[in-house]
Amino acid sequence: MDWETKLIHAGLDPDEHYGALSVPIYHASTYRQRSVEEPGRYEYGRSGNPTRNALEELIAGLEGGKYGFAFASGVAAIASVLCLLEAGQHVLACRDIYGGTYRLLTGLFPRFGITHSFVDATDTEAVASAIRPETKALFLETPSNPLLKITDLAACARLARERGLLTVVDNTFMTPYLQRPLELDCDAVVHSATKFLGGHSDVVAGLAVVTGRELAARLRFVQTAFGAVLGPQDSWLVMRGIRTLKVRMDAQQETAQKLAEWLSAHPLVGTVYYPGLPGHPGAKLHSTQSSGPGCVLSFTLSDGEAAKRFLHSVHLPVPAVSLGGVESILTYPATMSHAALPAVWRDELGVGDDLVRLSVGLESFADLKQGLDRALALSTA
Ligand SMILES: *Cc1c(COP(=O)(O)O)cnc(C)c1O
């Protein structure tokens with residue numbers, strides 16, 4: 001099926017009672033058992049719910065995987081996948097990482113004896129030499145957040161396969177519409193479905209997809225044991241969002257490209273980070289593993305004070321945390337999305353006080369350009 005069709009019809013388990021085309025929301029914590037020896041298909045709401053299962057099948061199909069899992073947030077999905085590791089094992093993660101994942105790796109998992117280190121994953125040789133005997137997982141984001149750096153997924157997956165590591169990719173920025181890491185031989189994909197998949201800034205949700213049966217059984221165990229499952233109402237909202245993923249992303253990406261080009265030529269803007277710009281160092285690699293540059297870009301102003309004045313005066317796009325919604329959002333990584341990273345490290349990465357991240361929504365290019373231009377003019381005051 002083509003993407004247009006798949007997004008509308010995949011994972012749709014027709015309602016056998018009344019034939020509703022929308023998956024019914026099963027608000028049920030428990031199910032009648034016809035036999036006490038053998039449980040029915042559904043037994044208890046934490047281990048299974050028909051609405052949640054429809055979403056899990058939908059995302060598994062879209063990612064080109066076999067088994068999908070829905071969690072209460074993106075961070076819950078990431079934490080649950082990290083729970084596949086054991087004490088004494090080590091996670092090698094990309095340096096340019098989502099703040100919440102950084103918090104999990106540095107603040108929570110060390111309590112249980114799971115260690116970590118960070119590497120510039122855009123350099124495959126650096127990844128190879130950072131692997132330790134106890135390393136069991138490689139955790140990647142590409143394009144990375146917030147600097148949109150590109151990692152070679154196939155090369156990392158090959159390396160990980162040779163060294164017996166699990167490759168986990170946070171595919172939140174791209175969604176399966178633009179990039180499918182499992183098809184490049186990665187083992188697991190995680191999502192903050194709060195972002196593009198949900199798409200309307202009205203739900204917090206997380207997803208994971210794997211292909212291997214044994215890995216799926218282990219993750220199923222964690223999902224039930226740890227219990228950070230997504231509720232049926234929120235599962236339905238994510239499914240509703242996914243139906244329009246292609247049209248939203250096509251339109252948002254087109255505007256993002258135009259804005260990136262316009263900002264690059266703006267006298268008050270420094271560097272623009274966007275894989276759709278020909279000068280982007282990872283643009284060529286990105287185009288071999290994805291079908292588009294996406295809808296998120298970052299740019300710098302002359303300094304931190306200018307960035308703060310800019311964010312104080314802007315009305316459109318809206319200054320807020322998060323991304324991927326129908327409304328364009330401006331985020332200040334230094335104090336918002338990446339506040340969990342140590343200041344020295346932020347400086348080293350280039351996530352400075354002068355950096356602003358823009359998630360492009362569905363407003364018109366003309367209105368967004370005008371709103372940004374006005375606030376840029378006020379940033380010099
Ligand atoms: C938002 C985000 C997360 C965390 O997801 P939540 O739904 O907020 O828990 C993880 N990774 C990336 C890349 C994100 O943007």
Side-chain angles (χ1 to χ4, degrees), residues 55 59 63 69-83 91 93-109 118 121 139-151 153 168-179 181 186 188-209 223 226 228-231 234-235 237-238 241-242 249 252 256 273 275 290 294-298 320-325 327-333 335-341 349 351 355-361:
L55 168 63
I59 191 64
E63 283 288 359
F69 301 85
F71 297 95
S73 68
V75 158
I78 294 165
S80 298
V81 167
L82 291 174
C83 280
V91 183
C94 59
R95 293 203 78 185
D96 202 8
I97 200 169
Y98 174 70
T101 310
Y102 174 86
R103 193 190 289 124
L104 279 175
L105 287 171
T106 61
L108 190 63
F109 281 91
F118 297 97
F139 191 99
L140 305 171
E141 274 180 49
T142 182
S144 68
N145 180 9
L147 292 173
L148 295 304
K149 289 188 190 159
I150 309 301
T151 290
L153 287 176
V168 183
V169 180
D170 183 335
N171 204 27
T172 300
F173 271 40
M174 288 284 99
T175 82
Y177 173 48
L178 296 178
Q179 176 173 281
C186 298
V189 163
V190 289
H191 278 285
S192 170
T194 313
K195 314 295 168 57
F196 291 102
L197 295 173
H200 295 74
S201 308
D202 54 11
V203 61
V204 171
L207 298 167
V209 182
Q223 190 188 36
F226 192 59
V229 293
L230 191 64
D234 288 347
S235 298
L237 277 171
V238 174
I242 287 176
M249 287 200 89
Q252 290 171 217
Y273 302 93
S290 313
C295 318
V296 180
L297 56 104
S298 295
V321 172
S322 199
L323 56 100
E327 55 290 282
S328 296
I329 285 175
L330 275 166
T331 300
Y332 191 47
T335 62
M336 293 171 156
S337 58
H338 289 66
L341 260 61
L349 282 174
V351 184
L355 186 78
V356 175
R357 188 185 73 198
L358 172 61
S359 168
V360 180

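In each ligand, atom 1 is the first atom listed, and ligand 1 is the first ligand listed. Along the sequence shown, residues carry numbers from 1. Because the structure is predicted, anything quoted here is derived from the model rather than measured.
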Please examine the side chains of [Y] and [X], heavy atoms only from C-beta on, and report whether any two atoms are closer than 4.5 Å.
X    : Y    : value
Y98  : L104 : no
V296 : F196 : yes
P176 : L197 : yes
V203 : V238 : yes

inquiry  = Testing I59, V189, V190, T172 one by one against L207 for a side-chain contact (heavy atoms from CB on, under 4.5 Å), which residue passes?
reply    =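 Going through I59, V189, V190, T172 one by one, the side-chain contact (heavy atoms from CB on, under 4.5 Å) with L207 is satisfied by I59 alone.
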How far is [atom] from its nearest protein heavy atom, and which residue and atom is that?
atom                    : value
atom 3 (C) of ligand 1  : Y98 CE2, 3.3 Å
atom 7 (O) of ligand 1  : T194 OG1, 2.6 Å
atom 9 (O) of ligand 1  : V75 N, 2.8 Å
atom 11 (N) of ligand 1 : D170 OD2, 2.6 Å

task = Report the member of H191, K195, R357 with the shortest heavy-atom distance to atom 15 (O) of ligand 1.
result =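 That would be K195.
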Ligand-side contact atoms (ligand 1) for residue partner G74, heavy atom cut-off under 4.0 Å =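 That gives atoms 5 (O), 6 (P), 7 (O), 9 (O) of ligand 1.
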ask   = Is the shortest distance from a heavy atom of A205 to ligand 1 less than 4.0 Å?
value =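 So A205 counts as touching ligand 1.
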ask   = Using heavy atoms and a threshold below 4.0 Å, how should the contact between T172 and ligand 1 be classified: side chain, backbone, both, or neither?
value =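 The part of T172 near ligand 1 is the side chain, not the backbone.
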task = Under 4.0 Å, heavy atoms only, figure out whether ligand 1 is touched by the backbone of S337, its side chain, both or neither.
result =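 Looking at S337 and ligand 1, no heavy atom falls under 4.0 Å.
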task = Using modelled atom types only, decide if a donor and an acceptor are shared between the side chain of S298 and the backbone of L147 within a distance under 3.5 Å.
result =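 Not confirmed, S298 side chain does not pair with L147 backbone.
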message = Test your reading of the model: is there a side-chain donor-acceptor pair from N171 to the backbone of Q179, 3.5 Å cut-off?
response =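 Side chain of N171 to backbone of Q179, a donor-acceptor pair under 3.5 Å: yes, one is there.
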